[in-house]
Amino acid sequence: RKPRVRRWDVVLLSNVLNVQESREDIEGLLEKVRRLMCRHGALILNFPENPRKSDVTPEELDTMLRHMFNPKFVSRVGGTAKAPCIYVMF
């Protein structure tokens, strides 16, 4: 029997993506999060400037999110241009 996978309505990634060491690590983490989210769920994340262990820019992160999720539902809701807070609907 296959184990039941929990799905989450809201996922919060605070100070998580900025400490991933590579673009592949960030993409892999976002893919895992996407699989765990409920349909019509929400992802709230920040991408602080310091510390930032990968060379991924906020613009590149925005592009990643728009490829993985519906681009109409990815929006910056706070922070700064260099350290955004982003809201994503799935």
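Quick caveat, the model's predicted, so the values are computed rather than measured. Both backbone and side-chain heavy atoms feed into the values below; hydrogens, waters and symmetry mates do not.
With N18 contributing its side chain and P51 its backbone, the two residues share a donor-acceptor pair below 3.5 Å.
Annotation: side chain of E59 is not in contact with side chain of T63 (no heavy-atom distance under 4.5 Å). Inter-residue side-chain proximity for C85 and I44 is flagged as unmet; no heavy-atom pair is nearer than 4.5 Å. A 4.5 Å side-chain heavy-atom check between M64 and V56 finds at least one atom pair inside the cut-off. Contact annotation: the side chain of L17 approaches that of L45 to within less than 4.5 Å [non-hydrogen atoms, C-beta and beyond]. You'll find the side chain of R6 stays beyond 4.5 Å of the side chain of L36, heavy atoms only.
M68 and M89 fall into different hydrophobic clusters, where Ile, Leu, Val, Met, Phe, Trp and Tyr side chains are chained together by heavy-atom contacts under 4.5 Å. There is a path of hydrophobic side-chain contacts, each under 4.5 Å, that joins L30 to W8.
Counting all heavy atoms, side chain and backbone alike, R7 lies closest to C38 at CB-SG, 3.4 Å. Here the closest heavy-atom approach between residue A83 and residue P48 is recorded as CB-CA, 4.1 Å.
Evaluation of the salt bridge (charged side-chain N to carboxylate O under 4.0 Å, His left out) rule for R23 yields E60 as partners, not counting sequence neighbours.
Residue pairs meeting the side chain to side chain donor-acceptor pair (under 3.5 Å) criterion with at least one member in residues 66-86, sequence neighbours excluded: D62-R66. A side chain to side chain donor-acceptor pair (under 3.5 Å) check over residues 25-36, counting only residues at least two apart or in different chains, returns the pairs S22-D25, E31-R34. Sorted by first and then second residue, the pairs that involve residues 36-49 and meet side chain to side chain donor-acceptor pair (under 3.5 Å), not counting sequence neighbours, are N15-N46. The list of ring-ring contact (aromatic ring centres under 6.0 Å, His included) pairs with a residue in residues 68-90, not counting sequence neighbours, reads F69-F90.
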For L65 and I86: C-alpha separation, side-chain torsions, deciding distance, then whether side-chain contact (heavy atoms from CB on, under 4.5 Å) applies. CA-CA 10 Å; L65 291 166; I86 301 171; 3.9 Å; yes
